[in-house]
Amino acid sequence: MRSDLRQPAEPPRSGDPPGARGVRRARLAVATIFFMVGCFVATWFTQIPLVQQRADLSPGRLSLVLIAPTVGALFSMQVGAALVARIGSRLLLRVAGAALPVTLSGIATAGSFWSAVVAFLVLGLIVGLVDVSMNAQGIAVERAAGRPVMNGLHGAWGLGAIVGASISTGAFALHLSPLTHAALVVTALVLCALAAGRHLLRVPRDPPAAAAAERRVRAEAGWFRGWTRRTLVLGVIGAAVMLSEGAVSNWVGILLRDHQSTSTALAAAGYTVFTAAETAARFAGDRVQQRIGVERLVRGSAALFCGGMLLLLLAPVPWASIAGLALVGVGIAPMNPAALSAVGSESASARSDGTAVARFTTLSYAGILAGPPIIGGLAELVGLPLALSFLMVPLLMIGVGARIFVHRPAAPPADLRPDADPSPSGVDVAPGHRRQ
């Protein structure tokens, strides 16, 4: 059952939080940024084989190049937390979001090992800033709207990835040069980011307490500050989800082709089915969460993931395996958005959202790094099907402990006015839950 948490519209006053129309615009703007980043990432991935060929990189050297963006992102996420605390997520996202697509030009022209390392490192540095600021904006919009929006935002990312991969496929079919392809994509995505940036959510200040707030929030944004037990647990959950998602994405084609005797075309279609199912589920996830609550959503999703994995691994015919893969995509889809939303409920103001997001994403990226060696090592020992079956263990544990995803109402901050206060008393209400 839905509950309307928004207040009756009043004439806007200078410095007031945005009304319902402003929140809708901000939500669309953040979704546009997520879409842009998904399109960017898909384009970046399709350029990797060309970089290897142009720079004549061995597999070992290519692996070192591909580590560079992750290292850069992990570093800049911590910087991003401090920048969000100092200047706000809106300004940071407007600058970093417009700069991100430009890094494709470096990827498209890298012709040596070191130029590729530098290009990928710079890309990672800006990706980290965008990751922190866009998720902090998403949390602020969710808080202002008084209902879940994170699933839809991440769905926009998936849609962007599909569009970006399709554009790259068309560019290759037309035999466009890498630089021409990059130039077209960069132009479109920069314009997209600039247009969206104008409507991002502003974070108003409370002037009497601004100085004290600045000192407190900056202190929380330090490299070794801002870690709470709940943030740590949610970060570990994020790492497990990212590890599982990456394992399915990277290994499912090999599983279908080598262990279930499917054709190469059907094996390739498996990843498309997984991605499409995950994206569609995210677009539906916010409405489902409003109806049944985040705890039930996570538990049901964990059950779907495990059921899909069993069908994928044990199905006697290839098409049943593909259906299992679709269930896996639907099951894993809401996990990370729900965890990010829960992390956001830990922070008392939009200025400290960046710190919470940075801590969460730092651990999530650890899952991305740990996934390949863990699954590869297990596959060497017990075979790929059994290695992938172990992914059900952390997802089952997440389902059992789904209570941690329920938002904890935060006391209204004394230092910063919320972007929009959806509750009469100023106490945050978990999106999708009616005030008791």
Side-chain angles (χ1 to χ4, degrees), residues 74 77-78 80-82 84-85 89 131-132 135-143 146-151 153-154 216-244 285 289 293-299 301-302 332 334-368 370 393-416 418 423 426-433 436:
L74 286 172
M77 283 175 188
Q78 318 313 315
V84 170
S89 59
D131 198 309
V132 169
N135 280 294
Q137 266 285 310
I139 290 169
V141 169
E142 185 170 78
R143 186 182 292 123
R147 60 189 179 89
V149 303
M150 291 299 292
N151 273 289
L153 297 180
H154 284 260
R216 180 177 62 78
V217 177
R218 285 184 195 175
E220 289 176 358
W223 285 55
F224 301 104
R225 307 290 292 274
W227 292 98
T228 66
R229 182 179 301 176
R230 188 162 181 258
T231 299
L232 183 62
V233 172
L234 287 167
V236 171
I237 288 173
V241 171
M242 295 298 286
L243 187 156
S244 301
Q289 182 175 329
V294 67
E295 187 176 357
R296 288 183 178 179
L297 175 64
V298 171
R299 285 180 177 165
S301 297
I332 205 167
M335 297 287 189
N336 245 7
L340 267 166
S341 182
V343 165
S345 73
E346 285 281 274
S347 57
S349 75
R351 292 276 171 157
S352 57
D353 286 338
T355 302
V357 170
R359 302 302 174 250
F360 174 83
T361 51
T362 297
L363 291 175
S364 296
Y365 270 58
I368 298 174
V393 175
L395 268 294
L396 281 173
M397 294 175 66
I398 291 171
V400 171
R403 182 70 183 170
I404 196 170
F405 288 85
V406 176
H407 291 199
R408 291 182 176 179
D415 56 321
L416 298 175
S423 60
V427 178
D428 189 23
V429 178
H433 295 275
Q436 299 296 321

Which distance, rounded to the nearest 0.5 Å, do you find between the CG of Leu340 and the CZ of Phe360? 4.5 Å

Taking all non-hydrogen atoms of both residues, which atom of Arg230 and which atom of Ala342 are closest, and how far apart? NH1-O, 3.3 Å

Can you tell if the side chain of Val132 reaches within under 4.5 Å of the side chain of Gln78, non-hydrogen atoms only? no

Would you check if His154 and Asn135 make a side-chain contact, meaning some heavy-atom pair closer than 4.5 Å? yes

Mind running side chain to side chain contact (heavy atoms under 4.5 Å, CB included) on Arg359 and Val343 for me, showing each step along the way? CA-CA 9 Å; Arg359 302 302 174 250; Val343 165; over 6 Å; no

Would you say Leu363 and Leu232 make side-chain contact, with heavy atoms under 4.5 Å? yes

So do Ser341 and Val294 actually touch side chain to side chain, heavy atoms under 4.5 Å? no

Please report the closest heavy-atom contact between Gly138 and Leu153, naming both atoms and the distance. CA-CD1, 3.6 Å

Which residues share a side-chain hydrogen bond (donor to acceptor under 3.5 Å, both in side chains) with Asn336, sequence neighbours left out: none

Taking side chain to side chain contact (heavy atoms under 4.5 Å, CB included) as the definition, give me every residue that meets it alongside Val233, ordered by chain and number, with sequence neighbours left out. Ile237, Ile404

Between Asp131 and Tyr365, is the side chain to side chain contact (heavy atoms under 4.5 Å, CB included) condition met? List the steps. CA-CA 11 Å; Asp131 198 309; Tyr365 270 58; 3.4 Å; yes

Closest non-hydrogen atom pair, Leu395 against Met335: CD1-CE, 3.6 Å

Residue pair Ala81 / Ala358: nearest heavy atoms and the distance that separates them: CB-CB, 3.7 Å

According to side-chain hydrogen bond (donor to acceptor under 3.5 Å, both in side chains), does anything in residues 393-406 pair up with another residue at least two apart or in another chain? List the pairs. Glu295-Arg403

Could you tell me which non-hydrogen atom of Val357 sits nearest to which non-hydrogen atom of Ala136, and how far apart they are? CG2-N, 4.0 Å

Between Val84 and Ser89, which heavy-atom pair has the shortest distance, and what is it? CG1-N, 3.9 Å

